[in-house]
Amino acid sequence: MPQIPGTDLTVSDLCLGGNVFGWTADEPTSSALLDRFVDATPGPQAPFVDTAESYGKGRSEEILGGWMAARGIRDRVVVATKASPLDKEHPLSAAEIRTAAEGSLRRLRTDRIDLYYAHYDDESTPLEETLQAFDELVQAGKVRYAAASNYSAARLTEALDTAERLGVTRYAALQPHYNLMERPAYEAELRDVVAARDLGVLPYFALARGFLTGKYRAGEQVDSPRAKGAAAYVGERGDRVLAALQEVAQAHGVTGAAVALRWLADQPTVVAPIASGRSVDQLADLLPMQDLVLSDEQRRLLDEASS
């Protein structure tokens, strides 16, 4: 079962992205998505849901918190959220982290956050201050583990070294931008750091802003707020990746999106990719990744197509 190294967080193969809650999915739809996700998560695993204080300016957390309270399911779900920049001058200062955490706890209707991220690096605040603030939350039992998102390899290394020197809570996980269409930024440097320091990786935009679903192609008009971002991948390389995904998908009787997520989940250091759907049908296309087993030849085909 997927487990974040150095923690007792055993999670689902897929992490459900809560970025759509209150945005492209209203509250009833978001609740239906969460219900479907929990139903599809294998028994021994804990359904893993990712959100942030900045998603809908807190609305995503509110919807998730309301759903957990209504279902009485908080103890079964692993919840990740983030201290986000928003319009803060020093978003990772001790005061801002404390305020952000209290706000998230209130909106999530819980007494602890399982995995709490620094959403973006904040070079205006000393790492010592940021890490000590996270450590205080851990010591108080309000956060179980701290993590980093969107950190460079150099800053991640510095943060890990700083935590070790201070003897405080260190980042247990990293959330980078990584998928079949976005490989070099992670694989060139970050992968070596997280492997050497035994961190778990939870990649966001796992479907390349929806491009890897196969619905964004040259000349196609798609009604989606992600269409502009996905359009950046349209071209020869994108066509090559989609063709490889389709070939593997047909062999297994699943969607190309499920194959793309399985490829990512199988990468060294990756614990679980993060992906979302704005409807239960879209989510259903992703869920087969949990049981999907790719052959070495199929992984090589995808590696070569995306290189």
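Numbers here are sequence positions counted from 1.
No side-chain donor from either of Tyr117 and Tyr171 sits under 3.5 Å from a side-chain acceptor of the other. Between Asp285 and Thr255, the side chains place no donor N or O within less than 3.5 Å of an acceptor N or O (distance only, hydrogens not considered). No hydrogens or angles considered: a donor-acceptor pair under 3.5 Å links the side chains of Thr51 and Ser60. Asp122 and Ser124 are linked by a side-chain donor-acceptor pair at a separation below 3.5 angstrom, with hydrogens and angles left out of the test. Under the 3.5 Å distance criterion, with hydrogens and angles disregarded, no donor-acceptor pair is assigned to the side chains of Tyr204 and Asn179. Gln298 and His252 share a donor-acceptor pair across their side chains, judged by distance under 3.5 Å alone. Of the N and O atoms on the side chains of Thr81 and Glu61, at least one donor lies less than 3.5 Å from an acceptor on the other residue. Judged purely by distance below 3.5 Å, without hydrogens or angles, the side chains of Tyr186 and Thr269 pair a donor atom with an acceptor atom. Between Ser12 and Gln45, the side chains place no donor N or O within less than 3.5 Å of an acceptor N or O (distance only, hydrogens not considered).
Contact record, Arg278 with Ala25: O-CB, 4.1 Å, taken as the closest heavy-atom pair. Taking all atoms of both residues into account, the shortest heavy-atom contact from Ser84 to Glu53 is N-OE2, 2.8 Å. Residues Gln290 and Pro42 share a closest heavy-atom pair of OE1-CD, 3.7 Å. Of all heavy-atom pairs between Ala94 and Ala133, the closest is CA-CB, 3.8 Å. The two atoms that bring Leu245 and Ala260 nearest to each other are CD2-N, 3.7 Å, heavy atoms only. The two residues Ser30 and Ile63 have their closest heavy-atom pair at CB-CG2, 3.6 Å.
The closest side-chain heavy-atom distance from Met181 to Arg209 is not below 4.5 Å. Within the 4.5 Å cutoff, no side-chain heavy atoms of Leu14 are placed close to those of Ile274. Two residues are said to be in side-chain contact when any heavy atoms from C-beta on lie closer than 4.5 Å; Glu128 and Arg165 meet this criterion. Side-chain contact between Ser104 and Ile113: present, with at least one pair of heavy atoms (C-beta onward) separated by less than 4.5 Å. For the pair Ser93/Glu129, a side-chain contact is recorded, criterion being any heavy-atom separation below 4.5 Å from C-beta on. By the 4.5 Å heavy-atom criterion applied to side chains, Asp13 and Phe48 are not counted as neighbours. Looking at heavy atoms from C-beta onward, Leu156 lies in side-chain contact with Leu190 at the 4.5 angstrom threshold. Side-chain atoms of Leu199 and Arg170, non-hydrogen and from C-beta on, do get closer than 4.5 Å to each other.
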**OP:** Just do the side chain to side chain contact (heavy atoms under 4.5 Å, CB included) check on Leu283 and Leu16 with the steps written out, would you?
**Re:** CA-CA 9 Å; Leu283 177 59; Leu16 182 63; 3.9 Å; yes

**OP:** Please test Ile73 against Val38 for side chain to side chain contact (heavy atoms under 4.5 Å, CB included), starting from the C-alpha separation and ending with a verdict.
**Re:** CA-CA 10 Å; Ile73 202 172; Val38 168; 3.8 Å; yes

**OP:** Could you go through the side chain to side chain contact (heavy atoms under 4.5 Å, CB included) check for Gln3 and Leu9 one step at a time?
**Re:** CA-CA 6 Å; Gln3 184 167 359; Leu9 299 179; 5.7 Å; no

**OP:** For side chain to side chain contact (heavy atoms under 4.5 Å, CB included), just list the numbers for Val254 and Val259, CA-CA rounded to whole Å, side-chain angles, deciding distance to a tenth of an Å, and then say yes or no.
**Re:** CA-CA 7 Å; Val254 298; Val259 174; 3.8 Å; yes

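No donor-acceptor pair closer than 3.5 Å links the side chain of Gln246 to the backbone N or O of Leu242. Checked by atom type and distance alone, the side chain of Arg155 never pairs as donor or acceptor with a backbone atom of Asp121 at under 3.5 Å. In this structure, Thr213 contributes its side chain and Gly210 its backbone to a donor-acceptor pair below 3.5 Å. Without hydrogens or angle criteria, Arg74 side chain to Val77 main chain gives a donor-acceptor distance under 3.5 Å. In this structure, the side chain of Gln267 engages the main chain of Trp263 through a donor-acceptor pair within 3.5 Å. Judged purely by atom type and a 3.5 angstrom limit, Gln175 has no side-chain atom pairing as donor or acceptor with the backbone of Pro203. Distance alone, capped at 3.5 Å, is enough to place a donor-acceptor pair between the Arg299 side chain and the Leu294 backbone. For the pair Arg262 (side chain) and Met289 (backbone), a donor-acceptor distance under 3.5 Å is present.
Under the 4.5 Å side-chain contact rule for hydrophobic residues, Tyr120 and Val201 do not share a cluster. Under the 4.5 Å side-chain heavy-atom criterion for grouping Ile, Leu, Val, Met, Phe, Trp and Tyr, Val20 is not connected to Tyr55 through any hydrophobic cluster. Both Leu207 and Val234 sit in one connected hydrophobic cluster of ILVMFWY residues. Membership requires side-chain heavy atoms under 4.5 Å apart, directly or through other members. One hydrophobic cluster, built from ILVMFWY side chains closer than 4.5 Å, cannot hold both Phe21 and Leu86; they sit in different ones. The cluster map of Ile, Leu, Val, Met, Phe, Trp and Tyr, joined by side-chain heavy atoms under 4.5 Å apart, puts Leu301 and Leu261 in the same cluster.
Under the rule for a side-chain contact (heavy atoms from CB on, under 4.5 Å), Thr99 has no partner lying at least two apart in sequence or in another chain.
Annotation: the span from Glu158 atom CD to Asp161 atom CG amounts to 8.0 Å, rounded to 0.5 Å. Atom CH2 of Trp67 and atom CG of Leu33 lie 10.5 Å apart (nearest 0.5 Å). With rounding to the nearest 0.5 Å, the separation of CG in Leu174 from CG in Asn150 is 8.5 Å. The distance from the OG atom of Ser276 to the CZ atom of Phe205 is 9.0 Å, given to the nearest 0.5 Å. Note that CG of Asn19 is 7.0 Å distant from OG1 of Thr24, once rounded to the nearest 0.5 Å. To the nearest 0.5 Å, atoms OG (Ser149) and CG (Leu202) are separated by 9.5 Å.
Using a cut-off of 4.0 Å between Lys/Arg side-chain N and Asp/Glu carboxylate O, Arg300 and Asp296 are scored as not salt-bridged. Between Glu27 and Arg59 there is a salt bridge, since at least one side-chain N of the basic residue sits less than 4.0 Å from a carboxylate O of the acidic one. A salt bridge does not link Glu62 to Lys57: none of the charged nitrogens lies less than 4.0 Å from a carboxylate oxygen. A salt bridge is defined here as a Lys NZ or Arg NE, NH1 or NH2 lying under 4.0 Å from an Asp or Glu carboxylate O, and Arg197 with Glu164 meets this definition.
A salt bridge (Lys or Arg N to Asp or Glu O under 4.0 Å) check over residues 175-184, counting only residues at least two apart or in different chains, returns the pairs Arg183-Glu187.
The salt bridge (charged side-chain N to carboxylate O under 4.0 Å, His left out) test with Asp114 is passed by exactly one of Arg76, Arg144, Lys142: Arg144.
With ring centers used as reference points, Tyr116 lies 6.0 Å or more from Tyr145.
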